[in-house]
Amino acid sequence: MRKITKNTLLNYIEEYFDIEKNVNPIRIFDYNNKQIQKGDIIYLIERDIRPKDNFALQFALKKSEELNLKLRIIHPKINYEVESKEKFILIFILF
């Protein structure tokens, strides 16, 4: 196995690779068989906030539009070690 040298990771990424364009139905699971009737659509983010290429968020947004319900995004408050990341997260949440 080849050793990856520090600061050279981009050298190991293919120039062209497939990116999913739509939500793959295989990745969607029913929690129960009840019909959504009222309330809000909740999207719980457990890791970094990633608005692009985020199929779970796209699915939640589509459901909120389909059902004419509010989409609420919930992200736990985490104190990050890197100050710039902490500021970015706070700006994104307050937006």
Side-chain angles (χ1 to χ4, degrees):
M1 178 180 239
R2 226 169 124 188
K3 183 178 176 182
I4 298 177
T5 309
K6 185 177 180 179
N7 297 323
T8 64
L9 186 59
L10 291 177
N11 297 340
Y12 299 90
I13 298 175
E14 297 284 333
E15 187 173 345
Y16 299 101
F17 51 91
D18 290 332
I19 298 174
E20 292 179 327
K21 302 267 189 259
N22 298 307
V23 176
N24 184 342
I26 294 172
R27 297 174 67 180
I28 298 170
F29 302 92
D30 289 332
Y31 180 73
N32 58 39
N33 60 358
K34 295 180 181 177
Q35 186 176 10
I36 300 171
Q37 297 176 352
K38 61 180 180 174
D40 296 335
I41 302 296
I42 305 293
Y43 175 64
L44 175 63
I45 301 173
E46 296 181 13
R47 297 185 63 188
D48 292 342
I49 298 171
R50 184 174 47 93
K52 289 186 177 182
D53 299 324
N54 186 332
F55 295 106
L57 180 57
Q58 287 179 23
F59 179 78
L61 182 59
K62 184 178 174 186
K63 274 293 170 198
S64 72
E65 290 170 352
E66 263 177 33
L67 301 170
N68 198 27
L69 297 172
K70 266 188 192 174
L71 172 62
R72 297 191 182 267
I73 300 173
I74 299 173
H75 184 271
K77 173 69 173 95
I78 299 170
N79 293 318
Y80 293 97
E81 292 178 18
V82 180
E83 185 180 347
S84 59
K85 187 171 186 175
E86 179 83 20
K87 286 180 181 178
F88 171 79
I89 297 296
L90 286 174
I91 289 169
F92 190 82
I93 290 173
L94 297 174
F95 177 72

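The basis for the numbers below is simple: all heavy atoms, side chains too, and nothing from hydrogens, waters or symmetry mates. For the single chain, residues carry numbers from 1 onward in sequence order. Because the structure is a prediction, the values reported are computed rather than measured.
- Through chains of ILVMFWY side-chain contacts below 4.5 Å, Leu44 is grouped with Ile42, Ile74.
- With sequence neighbours excluded, the residues that form a side chain to side chain contact (heavy atoms under 4.5 Å, CB included) with Lys70 are Asp40, Arg72.
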Do any side-chain atoms of residues 61-68 form donor-acceptor pairs under 3.5 angstrom with protein atoms, and if so which ones, sequence neighbours left out?
residue : atom : partner : partner atom : Å
Lys63   : NZ   : Glu66   : OE1          : 3.1
Ser64   : OG   : Leu61   : O            : 2.8

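- Closest heavy-atom contact between Ile41 and Ala60: CG2-O, 3.7 Å.
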